[in-house]
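What follows is a single structure, written as structure tokens, with notes after it.
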Amino acid sequence: MAKSILAVDDSGSLRQMVVFSLRAAGYQVTEAVDGQDGLEKAKSQVFDLVLTDQNMPRMDGLTLIRSLRLVPMYQKVPILMLTTESSDDMKQRGRAAGANGWLVKPFDPQRLTEVVKKVIG
């Protein structure tokens, strides 16, 4: 069975690119339009990986990560940030919240697929 990924981003075009890249690599991808939507979807199904943006309406990426880490079934699930934020301070805050990795937008679809494969196989 294909590994499942939750892609959380308020940009429809970016989600489309992520979905296209990851589905082409054989992953099942579910989209969420912001952190709140992502949290609701994550609670209804366990994903093998969560990819999240930082700057979104209703709930930002760091808040989503902290919220997911409080859910027992998400304590060990890898979470990657995919964001325009690239400062060391923001990366440190991401790690403190529970993020396992960081990719900066704009992203290279091949690099995204390589990182995902490395993280979840």
Side-chain angles (χ1 to χ4, degrees):
M1 194 168 140
K3 299 268 183 162
S4 61
I5 299 170
L6 177 62
V8 186
D9 200 302
D10 57 321
S11 165
S13 58
L14 191 103
R15 280 195 323 272
Q16 206 171 29
M17 229 163 71
V18 167
V19 167
F20 180 79
S21 302
L22 295 175
R23 283 189 180 151
Y27 297 103
Q28 288 183 335
V29 185
T30 299
E31 300 176 58
V33 299
D34 59 33
Q36 188 64 47
D37 184 35
L39 183 60
E40 289 164 11
K41 287 180 175 165
K43 285 181 174 179
S44 68
Q45 173 188 345
V46 180
F47 293 92
D48 297 300
L49 172 74
V50 177
L51 269 175
T52 183
D53 184 19
Q54 166 54 22
N55 301 309
M56 300 178 287
R58 295 203 309 158
M59 181 187 291
D60 67 25
L62 293 178
T63 304
L64 171 61
I65 293 169
R66 283 191 289 272
S67 299
L68 286 173
R69 291 302 186 209
L70 294 174
V71 178
M73 59 194 178
Y74 278 97
Q75 289 176 350
K76 300 233 185 294
V77 171
I79 301 175
L80 300 176
M81 294 289 292
L82 178 59
T83 179
T84 55
E85 300 280 350
S86 61
S87 71
D88 288 339
D89 173 59
M90 186 56 89
K91 288 178 184 177
Q92 190 174 342
R93 289 172 54 202
R95 276 191 294 277
N100 299 94
W102 203 275
L103 292 160
V104 179
K105 295 178 196 171
F107 70 95
D108 171 28
Q110 187 175 345
R111 174 81 179 123
L112 172 67
T113 304
E114 288 168 3
V115 170
V116 167
K117 189 174 183 178
K118 188 175 173 183
V119 174
I120 62 170

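Keep in mind that the numbers below use all heavy atoms, side chains included, and drop hydrogens, waters and symmetry copies. Quick note: residue numbers are just sequence positions, from 1.
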Would you say [X] and [Y] are hydrophobically clustered, going by side-chain heavy atoms of ILVMFWY under 4.5 Å?
{"X": "Leu103", "Y": "Met90", "value": "no"}
{"X": "Ile65", "Y": "Val46", "value": "yes"}
{"X": "Val18", "Y": "Val77", "value": "no"}
{"X": "Val8", "Y": "Ile79", "value": "yes"}
{"X": "Phe47", "Y": "Met81", "value": "yes"}

Give the minimum heavy-atom separation between [X] and [Y], together with the two atoms involved.
{"X": "Ser21", "Y": "Phe107", "result": "OG-CE1, 4.5 Å"}
{"X": "Leu82", "Y": "Lys105", "result": "O-CE, 3.2 Å"}
{"X": "Arg66", "Y": "Ala97", "result": "CG-CB, 3.7 Å"}
{"X": "Gly35", "Y": "Met56", "result": "N-CE, 3.6 Å"}
{"X": "Tyr74", "Y": "Val50", "result": "CE2-CG2, 4.0 Å"}
{"X": "Ala42", "Y": "Leu6", "result": "CB-CD2, 4.0 Å"}

Let me confirm one number: the [atom1]-[atom2] distance from [X] to [Y], rounded to the nearest 0.5 Å.
{"X": "Asn100", "Y": "Leu80", "atom1": "CG", "atom2": "CG", "result": "6.5 Å"}
{"X": "Lys117", "Y": "Tyr27", "atom1": "NZ", "atom2": "OH", "result": "6.5 Å"}
{"X": "Gln92", "Y": "Trp102", "atom1": "CD", "atom2": "CH2", "result": "11.0 Å"}
{"X": "Lys3", "Y": "Leu49", "atom1": "NZ", "atom2": "CG", "result": "10.0 Å"}
{"X": "Leu112", "Y": "Leu51", "atom1": "CG", "atom2": "CG", "result": "6.0 Å"}

Check this for me: [X], atom [atom1], are more than 12 non-hydrogen atoms of other residues, nucleotides or ligands nearer than 6.0 Å?
{"X": "Gln45", "atom1": "CD", "result": "yes"}
{"X": "Gln16", "atom1": "CD", "result": "no"}
{"X": "Gln75", "atom1": "CD", "result": "yes"}

- Query: Got a salt bridge between Arg95 and Asp88, using NZ or NE/NH1/NH2 to carboxylate O under 4.0 Å?
  - Reply: no
- Item | Partner residues of Lys43 under the side chain to side chain contact (heavy atoms under 4.5 Å, CB included) criterion, sequence neighbours left out | Leu39, Val71
Do the non-hydrogen side-chain atoms of [X] and [Y] ever get within less than 4.5 Å of each other?
{"X": "Asn55", "Y": "Asp60", "result": "no"}
{"X": "Lys118", "Y": "Glu114", "result": "no"}
{"X": "Pro78", "Y": "Ile120", "result": "yes"}

- Task: Evaluate the side chain to side chain contact (heavy atoms under 4.5 Å, CB included) criterion for residues Asp10 and Val33: first the C-alpha distance (whole Å), next the side-chain angles of each, then the deciding distance (0.1 Å), finally the verdict.
- Result: CA-CA 5 Å; Asp10 57 321; Val33 299; 5.9 Å; no
- Any pair counted as salt bridge (charged side-chain N to carboxylate O under 4.0 Å, His left out), so long as it reaches residues 14-38, sequence neighbours left out: Arg15-Glu31, Asp34-Arg58, Asp37-Lys41
- Backbone N/O of Leu14 and side chain of Asp9: donor-acceptor pair under 3.5 Å: no
